[in-house]
Amino acid sequence: MVRVSRPAEVACAIERVSGMSDKERDIDRLLDELADRTLQGFDWDHLHLSIVSRLTGAVRRGRQVSRFHIASVVTTAAVLLLGTVLIYHYLGPSLSTRTEPTETMSNETTSEADPLLACTDPDVILPRGALRMLVSNDPTLVPHSLWQQTLPVE
Amino acid sequence: MKDDNQRHDEIVRLVRASQAGDKVAFDRLVQWHQRQAMRVALGVLGNVDDAADVVQEAFVKGYLRIGSLVFPGRFRFWLLKIVANEAINRQRAARRRAAVTKLFVAARIRKRVGSPDEKDRAEDLQAAVERAMVQLTEKEAKAIALFGLDNLSHHEVAQVIGCSVEAARWYVYRARQKLRVLLREYLE
């Protein structure tokens, strides 16, 4: 009894059972004969010359590409430099005379401006409809105590 | 054995020289490996013209990429892998043309049914193999083509295909089974 578990073993087992040995693989012989017949009288020198010709062409194209690459990089850099010079030439004076803003509008809110921020009493905060996370160093405060408050019904 | 070692050392030297830009060295590598490369391409494609084209393309790619070859001693597997992949890519295109080819070949066979001589039979066989190879999966086609090479062990075939030895044996087995069915009229 033949016990197999893997595909390759299955293949080998089938070959063993069917009696197909390495020498009896007719399909291999057929393919070999066809390859021999096809390559009989094949012009290997011509193939070699064709390969050399293609290699020469590929190397030449590679050099051309690399020259084109260098030329395109140089041209791009020159155009960018010229553009920068022209922009500075035409817009430079107006850019340099532009005045800096004298005032800035502040949108920061400090505790002095908003007394609510300074207040930590939930009874004061919640009825006004504001709910804020407040940092406190008071050890007596229970964590999340603010979130456990119920909103007053208006 | 001594000759094999000398040849291996010579290949390593030629690959290193090619990596340094020596075209003559690469030319020598081409001369040494073109027959095996042709055999693999022909095994996958079944058509000598396409195979020759694929081999040329593979050598060009090999030359342009030889700098990336880390182990010069593995040049042969590396090159055959490029050849096999190129052949498979060409086969994909052939697969798209398969329907048209099938009609053309069928018409040609009908025309010759009267007295097929040896040459016609050989051409028909080549066309049949070409069509049969298209029916195989990529790995099956690669495996059966590489197994036909002399001096290439199962382990080396597996290395070229990029799979385990067991898997390579399985692909060869499947390819043989399929080809036996597809080419049965030529096996009798």
Side-chain angles (χ1 to χ4, degrees), chain A residues 1-70, chain B residues 21 23 26-27 30-31 34-35 37-40 42-43 46-48 51-53 55-64 118 122 125-126 128-130 132-133 144-145 147-150 154 164-184 186-188:
Chain A
M1 181 162 178
V2 182
R3 293 187 68 182
V4 292
S5 55
R6 302 173 73 174
E9 291 171 3
V10 172
C12 295
I14 290 169
E15 286 180 13
R16 276 202 302 276
V17 170
S18 63
M20 193 169 75
S21 68
D22 283 345
K23 289 176 185 173
E24 292 170 347
R25 291 199 178 100
D26 45 4
I27 194 72
D28 289 9
R29 272 208 306 275
L30 183 77
L31 294 177
D32 278 347
E33 281 171 15
L34 179 67
D36 289 340
R37 199 183 304 149
T38 309
L39 296 176
Q40 198 176 21
F42 185 77
D43 193 349
W44 293 103
D45 290 337
H46 180 71
L47 177 67
H48 180 223
L49 286 174
S50 303
I51 293 168
V52 171
S53 169
R54 279 208 195 185
L55 280 173
T56 311
V59 171
R60 197 181 298 139
R61 273 198 305 277
R63 280 187 193 147
Q64 280 172 353
V65 167
S66 111
R67 279 180 197 158
F68 175 76
H69 182 72
I70 292 167
Chain B
K23 288 177 199 163
F26 192 78
D27 189 49
V30 169
Q31 281 180 321
Q34 63 178 2
R35 283 171 190 267
M38 190 68 189
R39 195 102 184 176
V40 170
L42 187 63
N47 177 310
V48 72
D53 198 43
V55 167
Q56 291 172 33
E57 201 60 44
F59 272 111
V60 170
K61 283 194 176 172
Y63 181 73
L64 295 175
E118 190 61 27
L125 172 60
Q126 190 174 337
V129 169
E130 196 176 341
M133 293 304 288
I144 194 78
F147 262 71
L149 287 181
D150 296 332
H154 290 195
S164 67
V165 176
E166 289 80 10
R169 285 173 66 92
W170 171 248
Y171 291 134
V172 172
Y173 172 74
R174 289 288 301 155
R176 280 183 184 137
Q177 293 294 100
K178 285 184 184 176
L179 290 175
R180 281 174 69 84
V181 172
L182 293 166
L183 302 171
R184 61 182 175 277
Y186 297 94
L187 291 169
E188 290 160 359

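Naming: A, B, ... by sequence-line order, numbering from 1 per chain. The figures that follow rest on heavy atoms only: side chains count, while hydrogens, waters and symmetry mates do not.
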Between [Y] and [X], is there a side-chain heavy-atom distance shorter than 4.5 Å?
X	Y	result
A:Arg29	B:Leu187	no
A:Ile27	B:Gln177	no
B:Leu125	A:Arg37	yes
A:Leu31	B:Leu179	yes
B:Gln126	A:Thr38	yes

(message) Please determine whether a side-chain nitrogen of the Lys or Arg among A:Asp26 and B:Arg184 lies less than 4.0 Å from a carboxylate oxygen of the Asp or Glu.
(response) no
(request) Salt-bridge test for B:Arg180 and A:Asp28: reply yes if a basic N is under 4.0 Å from a carboxylate O, no otherwise. (result) no
How close do [X] and [Y] get, counting heavy atoms only, and between which atoms?
X	Y	value
B:Gln34	A:Trp44	NE2-O, 3.5 Å
A:Ala35	B:Leu42	CA-CD2, 3.9 Å
A:Ile51	B:Val55	CD1-CG1, 4.2 Å
A:Val59	B:Tyr63	CG2-CE2, 3.4 Å
B:Val48	A:Phe42	CG2-CE1, 3.8 Å

(message) With chain A as the partner, which of B:Asp53, B:Ile144, B:Val172, B:Val129 has the greatest number of non-hydrogen pairs under 4.5 Å?
(response)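 Highest number of heavy-atom pairs under 4.5 Å: B:Asp53.
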Can you tell me which portion of [X] sits under 4.5 Å from chain A's heavy atoms? Options are side chain, backbone, both or neither.
X	answer
B:Arg174	neither
B:Asn47	neither
B:Val60	both
B:Phe26	side chain

(message) salt bridge (Lys or Arg N to Asp or Glu O under 4.0 Å), that's the test. Do A:Asp32 and B:Arg39 meet it? Break it down for me.
(response) CA-CA 10 Å; A:Asp32 278 347; B:Arg39 195 102 184 176; 3.7 Å; yes
(message) At a heavy-atom distance under 4.5 Å, which candidate from A:Val52, A:Asp36, A:Thr56 has the highest pair count against chain B?
(response) A:Asp36
(message) If we define contacts as heavy-atom pairs under 4.5 Å, which of A:Asp45, A:Leu47, A:Leu39 has the most with chain B?
(response) A:Leu47
(request) Let me know if A:Leu34 has heavy atoms under 4.5 Å from chain B in its side chain, its backbone, both or neither. (result) side chain
(request) With a 4.5 angstrom heavy-atom cut-off, could you sort out which part of A:Asp43 is near chain B: side chain, backbone, both or neither? (result)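 When you check distances to chain B, no heavy atom of A:Asp43 falls under 4.5 Å.
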